[in-house]
Amino acid sequence: MKRVLLKLSGEAFSDPEVKGGIDPKIVAQVAREIGELKAADGTEIGVVVGGGNIFRGNSPAAAGMDRSSADHMGMLATVMNALALQDAIEKVGVDTRVQTAVDMSALAEPYIRRRAVRHLEKGRVVIFAAGLGAPYFTTDTTAAQRALEIDADAILKGTQVDGVYDADPRTHPDATRYEELDFLSAINQRLGVMDATAISLCMDNDLPIVVFELLRSGNIMRVVRGEAVGTLVHAPDPTDD
Ligand code: UDP
């Protein structure tokens with residue numbers, strides 16, 4: 001893969017034992033892996049960050065709030081994660097830009113597609129923050145949208161488990177992992193790959209998704225090099241019956 005869109009959910013930023021907040025060691029590890037990939041393969045990397053480790057518009061913490069206001073808080077949470085990641089990636093010597101879908105010119109550039117692509121071509125990691133800038137969407141849908149806009153080869157969705165299972169492997173020890181999955185099964189079986197809006201966008205535009213364990217050392221590079229890591233969600237092979 002030459003250009004990828006890495007989706008990091010907010011929970012990827014926090015210690016699984018602690019749940020919530022930003023763990024600087026984890027952010028540093030992700031940054032190191034991104035730096036190693038850039039140095040080894042020169043892969044162009046866009047990143048969409050979530051905010052669920054801090055605030056989600058549809059969570060109990062927002063109970064009673066107007067949903068649009070709560071979602072704006074969720075978007076702001078993604079900006080905090082983006083700034084933490086930017087700092088960590090720059091510490092490993094890779095240039096970055098944060099672009100926000102909500103204008104915050106004191107902190108970051110506004111999202112401008114052509115400018116984002118130019119940054120990628122120049123070797124900068126572009127971190128897309130504040131989601132799509134619209135309530136009722138998620139950062140998974142943002143990942144699909146931005147991946148299409150920058151013409152990424154795939155979405156790499158880093159999670160805490162090593163792929164998509166037929167049941168939650170943390171509570172069902174006999175759950176089995178899919179190596180491959182087609183888009184419709186992922187939507188219909190509600191396998192938790194991404195939300196339905198995001199997967200539909202990928203399906204309609206034939207954009208593959210690789211779900212993989214983020215914090216296993218070297219995994220981002222393995223996925224980019226096409227090794228069989230995690231679960232590949234894509235269009236079914238028309239020659240299969
Ligand atoms: N959000 C939004 N519009 C977007 C993206 C995100 O309103 O386009 C808000 C929404 O409240 C969401 C929160 O930002 O709950 C954090 O994003 P998300 O839940 O996708 O984060 P993740 O689950 O990846 O940590």
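All values below come from the heavy atoms of this structure, side chains included, with hydrogens, waters and symmetry mates left out.
Residues Ser14 and Lys19 have side chains not in contact (no heavy-atom distance under 4.5 Å, counting atoms from C-beta outward). The closest side-chain heavy-atom distance from Thr197 to Thr138 is not below 4.5 Å. Between Lys25 and Asp15, every side-chain heavy-atom pair lies at or beyond the 4.5 Å cut-off. Between Cys202 and Val233 the shortest side-chain heavy-atom distance does not fall below 4.5 Å. Within the 4.5 Å cutoff, no side-chain heavy atoms of His172 are placed close to those of Asp166. With a 4.5 Å cut-off on side-chain heavy atoms, Arg115 and Arg97 do not count as touching. For the pair Met1/Leu156, a side-chain contact is recorded, criterion being any heavy-atom separation below 4.5 Å from C-beta on. The shortest side-chain heavy-atom distance between Leu215 and Gln160 does not fall under the 4.5 Å cut-off.
Rounding to the nearest 0.5 Å gives a distance of 6.5 Å between CZ of Phe212 and CG of Asn219. Met73 CE to Phe55 CZ: the interatomic distance, rounded to the nearest 0.5 Å, is 3.5 Å. To the nearest 0.5 angstrom, Gln86 atom CD is 10.0 Å from Asp95 atom CG. The structure places CD1 of Ile127 at 11.5 Å from NE2 of His119, a figure rounded to the nearest 0.5 Å. The CE atom of Met194 lies 8.5 Å from the CZ atom of Phe183; values are rounded to the nearest 0.5 Å. Atom-to-atom distance recorded for Leu8:CG and Thr78:OG1 is 12.0 Å, nearest 0.5 angstrom.
Under a hydrophobic clustering in which Ile, Leu, Val, Met, Phe, Trp and Tyr are joined whenever their side-chain heavy atoms come within less than 4.5 Å, directly or via other members, Ile89 and Val126 fall into different clusters. Val79 and Val48 are assigned to two separate hydrophobic clusters, defined by single-linkage of ILVMFWY side chains at heavy-atom distances under 4.5 Å. Each of Val98 and Ile150 belongs to its own hydrophobic cluster when Ile, Leu, Val, Met, Phe, Trp and Tyr are linked at side-chain heavy-atom distances under 4.5 angstrom. Note on Val49 and Val210: same hydrophobic cluster, where clusters join Ile, Leu, Val, Met, Phe, Trp and Tyr whose side-chain heavy atoms are under 4.5 Å apart, directly or indirectly. No continuous path of ILVMFWY side-chain contacts below 4.5 Å connects Tyr178 to Leu214, so the two sit in separate hydrophobic clusters.
Atom CZ of Arg177 has more than 12 heavy atoms from other residues, nucleotides or ligands within 6.0 Å. Surrounding CE of Met221 are more than 12 heavy atoms belonging to other residues, nucleotides or ligands, all under 6.0 Å away. The neighbour count for Arg216 CZ, taken as heavy atoms of other residues, nucleotides or ligands under 6.0 Å away, does not exceed 12. Applying the 6.0 Å contact sphere to CD of Glu179 captures no more than 12 heavy atoms from other residues, nucleotides or ligands.
A salt bridge links Asp41 with Arg225: at least one charged nitrogen is closer than 4.0 Å to a carboxylate oxygen. Contact check on Lys7 versus Asp140 returns a salt bridge, with a Lys/Arg side-chain nitrogen under 4.0 Å from an Asp/Glu carboxylate oxygen. Salt-bridge annotation for Glu149 and Arg113: absent, with no side-chain N of the basic residue lying under 4.0 Å from a carboxylate O of the acidic one.
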Residues Thr100, Leu107; criterion side chain to side chain contact (heavy atoms under 4.5 Å, CB included); working and verdict:
CA-CA 9 Å; Thr100 57; Leu107 305 180; over 6 Å; no

Steps toward side chain to side chain contact (heavy atoms under 4.5 Å, CB included) verdict (Tyr136, Ser68)
CA-CA 7 Å; Tyr136 295 95; Ser68 296; 3.9 Å; yes

Could you check Asp195 against Phe137 for side chain to side chain contact (heavy atoms under 4.5 Å, CB included), going step by step and ending with a plain yes or no?
CA-CA 10 Å; Asp195 59 81; Phe137 284 100; over 6 Å; no

Hey, mind stepping through Asn205 and Leu201 against side chain to side chain contact (heavy atoms under 4.5 Å, CB included) and telling me if it holds?
CA-CA 6 Å; Asn205 295 283; Leu201 204 48; 4.0 Å; yes

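In plain terms, the two heavy atoms of Ala101 and Gly131 that are nearest each other are CB-O, 3.1 Å. Annotation for Met80 and Ile22: closest pair O-CD1, 4.3 Å, computed over non-hydrogen atoms. Listed here is the closest heavy atom pair of Ala198 and Ala144: O-CB, 3.8 Å. Contact detail for Asp182 and Pro236: the closest heavy-atom pair is CB-CD, 3.8 Å.
Judged purely by atom type and a 3.5 angstrom limit, Glu11 has no side-chain atom pairing as donor or acceptor with the backbone of Gly52. For Asp103 (side chain) and Pro110 (main-chain N/O), no donor-acceptor pair under 3.5 Å exists by modelled atom type. Formation of a donor-acceptor pair under 3.5 Å by the Thr159 side chain with backbone atoms of Val161 is found in this model.
In the model, Thr142 has no side-chain atom that pairs as donor or acceptor with a side-chain atom of Thr139 under 3.5 Å.
With sequence neighbours left out, Thr231 forms a side-chain hydrogen bond (donor to acceptor under 3.5 Å, both in side chains) with no residue at all.
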